[in-house]
Amino acid sequence: MILSEKRQRACARLLADVHSITAKEGITPSALHLIKLKLVALARKADLFPLTDFAMPVAQGRNHPLLVEDGDGHALYLTISMPGKEAAPHDHGIWCVNAAISGREVHQIFRRTDNGSEPGRASVVQVGEVMVEPGNGMAMADHDIHGTRVIGTEPAVSLALYGYALTRFPSVAWYHPEFGSTRAGVSRRHAVSA
Amino acid sequence: MARSPKIHRVTIANTGQVIDCAADRTILQAAVAAGIDYPYTCASGNCGACISHLQVGKVAMLPRNDAALGAQQAKAGLTLACRAQPRGDVTVKWLGGGPA
């Protein structure tokens, strides 16, 4: 069997396991933890994901779809982020799980501290930090807030599993502590077929 | 003692305002600090909401996602205000979603 077929089968097995977990208990903290352990186990099989099979970013960050389910299903990506690549604190509006293949990316976890009464304004405070590096991962529920930054001199290569495909994402809420602001991205939920 | 970063003049073509921007700050940071309603969403090089035409001058770019600004767009003189740090006096014009 050629490597790309082995990879596809491994990804399909992961998604089958994910559906088995969520069918039993839904998207709960314990389910997300179990999914994270499955994803970390897959990411440990680095030989399934050689960088020669995935184009490097033209700039500093790129997502490669590995398995995108039909309709409103889940989607698994291989992401490559170069040193210094970052994302401000944001809430995807949908759960996600990450696991590192190589490199290091710090995920800072935030909590919103205002009551949302002033449109466009928000305050957040950091409440935790997870280093996503080989052998480790992180899981976030629908409205958890995280910011990311690649640490060190190596690209961060990781697996990212989302409740919806990136092309079907709800509006992502971004938070900017420096500005005291929040901004909502465009929802892609209109792409969902009935 | 560390030297202070150079200060450059940034002209926002949409409003005609001219603001100061240190070489270690982004155009978006300087614009928001000056009270300009510059369009942005992620402010970290991932979404492209602050895409702008760099009409005059040069900038250095902080890391960004491929999807936020393509190579052809960059070649055509487009930039991201949230990633662009001036390397001289510059003029920029935001392209989408803004108030003016």
Side-chain angles (χ1 to χ4, degrees), chain A residues 54-65 77 79-93 103 105 108 110 119-122 124 145-153 155-156 160 166-167 169 171-188, chain B residues 5 12 19-52 54 59-85 94-99:
Chain A
F54 301 94
M56 293 299 279
V58 176
Q60 287 82 25
R62 186 163 182 165
N63 302 315
H64 292 277
Y77 299 86
T79 69
I80 306 175
S81 301
M82 305 305 284
K85 170 76 175 56
E86 61 186 347
H90 60 282
D91 154 11
H92 299 122
E105 185 175 56
Q108 295 175 319
F110 293 82
R121 307 295 300 170
V124 292
I145 301 170
H146 76 149
T148 65
R149 186 161 43 89
V150 177
I151 303 296
T153 57
L166 293 175
T167 51
F169 250 36
S171 173
V172 176
W174 295 87
Y175 297 92
H176 305 294
E178 178 183 352
F179 303 155
S181 69
T182 181
R183 294 287 185 274
V186 175
S187 173
R188 297 167 177 168
Chain B
I12 310 295
I19 59 174
D20 287 342
C21 182
D24 64 349
R25 303 284 285 169
T26 68
I27 291 171
L28 180 68
Q29 286 174 315
V32 172
I36 296 171
D37 196 6
Y38 212 106
Y40 69 92
T41 301
C42 79
S44 48
N46 292 281
C47 75
C50 64
I51 193 166
S52 303
L54 179 63
V59 295
M61 294 294 282
L62 296 172
R64 66 179 191 273
N65 197 288
D66 286 5
L69 182 73
Q72 291 300 319
Q73 290 175 305
K75 205 176 279 184
L78 300 182
T79 191
L80 299 174
C82 74
R83 301 283 87 189
Q85 297 179 329
W94 71 68
L95 299 185

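We name chains A, B, ... by the order of the sequence lines, and we start the count at 1 in each one. For the numbers below, each heavy atom of this structure counts, side chains included, while hydrogens, waters and symmetry mates do not.
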Between the main-chain N or O of A:A59 and the side-chain N or O of B:N65, is there a donor-acceptor pair closer than 3.5 Å? no

Closest contact, heavy atoms only, A:H176 versus B:Y40: CD2-CE1, 3.4 Å

Between the side chain of B:D66 and the main-chain N/O of A:V58, is any donor-acceptor distance below 3.5 Å? yes

CZ of B:R83 to CD of A:Q60: how many Å apart, nearest 0.5 Å? 9.0 Å

Select one option (side chain, backbone, both, neither) describing which atoms of A:E86 are under 4.5 Å from chain B's heavy atoms. both

With a sphere of 6.0 Å drawn around CZ of A:R149, does it hold more than 12 non-hydrogen atoms of other residues, nucleotides or ligands? no

Least distance between heavy atoms, A:F179 atom then B:L28 atom: CE1-CD2, 4.2 Å

Would you name the heavy atoms of B:S44 and A:A88 that are closest together and state the gap between them? OG-N, 2.9 Å

Proximity breakdown for A:P83 and chain B, heavy-atom pairs closer than 4.5 Å: backbone

Where on A:A184 is there a heavy atom nearer than 4.5 Å to chain B: the side chain, the backbone, both, or neither? backbone

Check whether B:C42 gets within reach of chain A through its side chain, its backbone, both or neither, counting any heavy atom under 4.5 Å. both

Whatever's closer than 4.5 Å to a heavy atom in chain B on A:H90 counts as neither

